[in-house]
Amino acid sequence: MGHRIQIEVNGKRYEREVDARRLLVHFLREDLGLTGTNVGCETSLCGACTILVNGQSVKSCTQLAVQADGTSVTTIEGMADGQDLHPLQAAFRDNHGLQCGYCTPGMIMVAAGMLADNPAPTEQEIRQGLKGNVCRCTGYHNIVKSIADAAEQMNGKGGDS
Amino acid sequence: MFPGNFEYVRAGNLKEALTLLSGEDCKALAGGHSLIPLLKQRLAQPAKLVDISGLDELKGVTVEAGKARVGALTTHRELAASEALQGAAQVLSEAASKVGDPQVRNRGTLGGNIAHADPASDLPAVLLALDAEVSIVGPNGSRSTKADGFFSGLMDTDLAENEVISHVEFSSLGAGDASAYCKFEHPASGYAICGAAAVIRGSEVRLAFNGVAAVPFLASAVGDSLSGSDLSDAAIDSALSALEHDDPLSDLHASAEYRLHLAKVYGGRALRAARDRRG
Ligand SMILES: Cc1cc2nc3c(=O)[nH]c(=O)nc-3n(C[C@H](O)[C@H](O)[C@H](O)COP(=O)(O)OP(=O)(O)OC[C@H]3O[C@@H](n4cnc5c(N)ncnc54)[C@H](O)[C@@H]3O)c2cc1C
Ligand code: FES
Ligand code: FES
């Protein structure tokens, strides 16, 4: 049975018909064409599908699109401002925070939620905050460095941005 | 991997939710972090989901006149961050902060956690240690039941299909009381292989476990022998050495014997942490 849902994604309003069983990640990727959000495990474990719903990090494979009716969603596509990378994106580039890049959209989105709650996390807090996100390439070290660097930049302590 | 077909309705208030749930083969949906995985695996195939997540009357923590009341839809994130719980029941806040990962804590709720009653969940033992009452509403009105008795079997509770947990209530801890939760978690899933909740209230001591057996349980003999004691390391160790369970879980993650060993170690840590937190 179709449900009409209204949802704001990256500042743009959408109204679409979805089946009750449609997962939010499939809605974003297939109905809206926003393929930046990746699907890793589809079983709530890897975090590749992480997005922000009303400002909080969520695994979008573990939420139904109908549950997100009326919410405001941010995906990786909503992070950069035109050609200007978001400080998290810039920090991942500068600190070699990715190799294959498959986990990166989820890492950046979970980090965005983390920094909104805690703008100056310790290294331990960053590591704890990544508990729901798996990376098979980097060994996490440069991801942690990237997030710490972005936090400094965003707090105005990091020089030029 | 995606769920089979079902109908979905959002309830606007509790009364409407109860009416909707009185239909055939309906299930309440809160944070979805236990139910959606089950739907994907087709281990649950309800005809209709009633989304109760918008019911504001089931949300939040209030502490008043010595009573703490925690709404069923309060998320793990909110429990972990609750200022009021730091004094009233630090053990609940601490256990919630150890659930899964940040994304899971942002969505999962207290009510869903205890209704799902996974033996490896973190919150059931906390409610046993706090001697909490679970408040339930159904087609015939409301009732409440002691947490000790609510959990009836492996992933089974006293809850009927058409009932909703509205909140959980317990006497808040006072000055000089203290509590703690210690968890040995599975390194990949993060679920508890053994979780121990300790509450010291005046001279009374209560200790309860998740993960060790199919049903979370109160270690009454341990609590009784420590109640009124000096809670010295020696007293704690001696009380725990008598800890027994006639049917501990045993699986590829941990044998029954290892689980009982963990219960003694983590039970001891939780008791010592609570003891050392007393004002
Ligand atoms: C990757 C992952 C890791 C996790 N790790 C942990 C962990 O370490 N520790 C832990 O404790 N949990 C863990 N969980 C489970 C998590 O805590 C769940 O969110 C919680 O158990 C269920 O809450 P929910 O609100 O998501 O419930 P839902 O999934 O919406 O519902 C679960 C069940 O409860 C019923 N229900 C929900 N609310 C009510 C209510 N108010 N009244 C009556 N019935 C109700 C539903 O009908 C359903 O049967 C994990 C989950 C995931 C996906
Ligand atoms: S795809 Fe959602 S957690 Fe792995
Ligand atoms: S960079 Fe390849 S999975 Fe993280």
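First the proteins, then the strands, lettered A, B, ... as listed; each starts at 1.
If you measure heavy-atom distances from A:Val58 to chain B, the contacts under 4.5 Å come from both the backbone and the side chain. Using a 4.5 Å cut-off between heavy atoms, B:Leu29 contacts chain A through its side chain alone, with no backbone atom that close. Only the side chain of B:Pro37 comes within less than 4.5 Å of a heavy atom of chain A; its backbone N, CA, C and O stay farther away.
Annotation: maximal heavy-atom pairing with chain A below 4.5 Å, among B:Gln41, B:Lys40, B:Arg105, occurs at B:Lys40. Taking chain B as the reference chain and counting heavy-atom pairs below 4.5 Å, the highest number among A:Leu130, A:Asp117, A:Leu45 is found for A:Asp117.
A salt bridge links B:Glu185 with A:Lys131: the distance from a Lys NZ or Arg NE/NH1/NH2 to an Asp or Glu carboxylate oxygen falls below 4.0 Å.
Atom CZ of B:Arg277 sits in a crowded spot, with more than 12 heavy atoms from other residues, nucleotides or ligands closer than 6.0 Å. Taking a 6.0 Å sphere around CD of B:Glu24, one finds it holds 12 or fewer heavy atoms contributed by other residues, nucleotides or ligands. When the shell of 6.0 Å around CD of B:Glu161 is examined, it contains 12 or fewer heavy atoms from other residues, nucleotides or ligands. Annotation: A:Arg13, atom CZ; neighbour count of heavy atoms from other residues, nucleotides and ligands within 6.0 Å does not exceed 12. Heavy atoms of other residues, nucleotides or ligands lying less than 6.0 angstrom from NE2 of B:His186 number more than 12.
Here the CZ-CD distance, from B:Arg107 to A:Gln56, works out to 9.0 Å after rounding to the nearest 0.5 Å. We find the CD-CG distance between B:Glu7 and A:Asp19 to be 12.0 Å, quoted to the nearest 0.5 Å. Rounded to the nearest 0.5 Å, atoms CG (B:Leu39) and OG1 (A:Thr62) are 11.0 Å apart. Separating the CG atom in A:Leu64 from the CZ atom in B:Phe2 is a distance of 13.0 Å, to the nearest 0.5 Å.
Annotation: side chain of A:Cys61 is not in contact with side chain of B:Met1 (no heavy-atom distance under 4.5 Å). Contact of the A:Arg21 side chain with the B:Asn5 side chain is registered, since non-hydrogen atoms from C-beta on lie closer than 4.5 Å.
B:Pro102 and A:Gly132 get closest at one heavy-atom pair: CD-N, 4.5 Å. Looking at every heavy atom in both residues, B:Ile36 comes nearest to A:Gln63 through CD1-CA, 4.0 Å. For the residue pair B:Arg10 and A:Val66, the shortest heavy atom distance occurs at NH2-O, 3.0 Å. The minimum heavy-atom distance linking A:Ala20 with B:Tyr8 is given by the pair CB-CB, 3.7 Å. The two atoms that bring B:Asn106 and A:Ser57 nearest to each other are ND2-O, 2.8 Å, heavy atoms only.
There is no side-chain donor-acceptor pair under 3.5 Å between A:Gln67 and B:Ser53. At a cut-off of 3.5 Å, with distance as the only test, no side-chain donor of A:Gln128 or B:Asp101 sits close to an acceptor on the other residue.
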